Protein chains: 2
Amino acid sequence: MRKFKTEEVLEDAGLKKTVIRIKMLDFISASKTAVSQPDLEKIFGKIADRVTIYRILSAFEEKGIVHKIIDLHGTSRFALCNDKHCKEHDHHDEHIHFNCTECGNVTCLDNVHVPVIKLPKNYKAATFNMSVLGVCNDCTVK
Amino acid sequence: MRKFKTEEVLEDAGLKKTVIRIKMLDFISASKTAVSQPDLEKIFGKIADRVTIYRILSAFEEKGIVHKIIDLHGTSRFALCNDKHCKEHDHHDEHIHFNCTECGNVTCLDNVHVPVIKLPKNYKAATFNMSVLGVCNDCTVK
DNA sequence: TAACATGTGCAACCATGTTGCAACAATAAG
DNA sequence: CTTATTGTTGCAACATGGTTGCACATGTTA
């Protein structure tokens, strides 16, 4: 769909290409759903410290490589940024996130357009954040 | 707008009318915005334990008196349920929440209708959860 | 490969969420 | 009015996620 060379991305962001960063970024980019920090800790916890993972995610977010989503349980999840969104430095952009109640995965639905809604008077909307709760493709098919 | 008698509500829910519960419910019902547990702790922390506040909120939620919202920082906020929504025991209902970036308040916009969105194939939406980030009425006027 | 800038691990801390248990208060029964 | 029952509260304790400081290790550049 979209070319994505891990090492290039890190280089462009001015981040050193360390083993953990490359692995984490590979993993996040391979994952179709937004991954949580606990997820990443389970996977990379043996080769990297919890704090390191935390800091790498923060760095990725700051550089616009990934964006952060707060899921329905209040924990952070991370997903790759799409170019179109991440040109702006504001990352509360017009994504729609789909929370699957079966598998718990959070998916970015980039191809679903955000509807226009009308706000009460004197309310000024800056950005939208919409999440849909339901059953995702994988769990429907199973 | 809507009649709301604190003590009746507690009675209907089968909860004993204790001082703290009445005060908390009064406070939540008087508040136009969704209040966080930390907020409530600051206010009621001297007359009630942190755990008590937590349990009262859980009880309120379970009985359908209030509903819980996870705000953009991942902390829980609570707001009164409207009758129309809370007849269903599923509380992830079609509310739209407005997060004000100035004052940090979260407001339920009940009078704003939830738009219909089209999902990719095999995605089954159960409920929606939309939040809008911007500047609220109060902060616009100021 | 040496020097420097950056990245990492460890320890520690804070906030929120959560449970178990004992003490306590309110209500109903005698 | 006193006791039994039930539900409510406070305390202590723990789990998890987020966050910082500092010393040490590593990647990068010359």
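Since we're looking at a predicted model, the values are computed, not measured. We use all heavy atoms of the structure for the numbers below, so side chains are in, but hydrogens, waters and symmetry mates are not. All chains are named by letter (A, B, ...) in the order of the sequence lines, taking the proteins before the strands, and each is independently numbered beginning at 1.
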Starting at CG of A/L15 and ending at C1' of D/dT26, how long is that distance when rounded to a whole Å? 15 Å

Quick check on the hydrophobic clustering: are B/V51 and B/I47 connected, directly or via other members, by side-chain heavy-atom contacts under 4.5 Å? no

Nearest heavy atom decides the nucleotide; on that basis, is B/T18 or B/S76 closer to the 5' end of DNA chain C? B/S76

To the nearest angstrom, the CZ-C1' distance between A/R77 and D/dT16 comes to 15 Å

Give the rounded distance in Å between these two atoms: CD of A/Q37 and P of D/dA15. 19 Å

Strand-adjacent residues in residues 45-58 of chain A, judged by heavy atoms under 4.0 Å from DNA chain C: A/I47, A/A48, A/D49, A/R50, A/V51, A/T52, A/R55, A/I56

Looking at B/I28 and B/L80, what are the two nearest heavy atoms and their distance? CG2-N, 4.1 Å

Nucleotide D/dT28, atom P - distance to CZ of A/R21 in whole Å: 10 Å

Distance check needed: D/dT9 P versus B/E41 CD, whole Å only. 15 Å

Quick check: does any side chain N or O of B/R21 sit under 3.5 Å from a backbone N or O of B/K16, one acting as donor and the other as acceptor? yes

Base of C/dA25, side chain of B/K16 - is there a donor-acceptor contact under 3.5 Å? no

Length of the CG-P vector between A/L10 and D/dG27, whole Å: 14 Å

Is there a side-chain contact between B/R77 and B/V35, using heavy atoms and a 4.5 Å cut-off? no

Quick check on the hydrophobic clustering: are B/F44 and B/V9 connected, directly or via other members, by side-chain heavy-atom contacts under 4.5 Å? yes

Rounded distance (Å) that lies between atom C1' of D/dG17 and atom NZ of A/K42: 12 Å

Is the side chain of A/S31 donor-acceptor paired with the backbone N or O of A/F27 at a distance under 3.5 Å, no angle test? no

In whole angstrom, what separates A/L40's CG from C/dT8's P? 14 Å

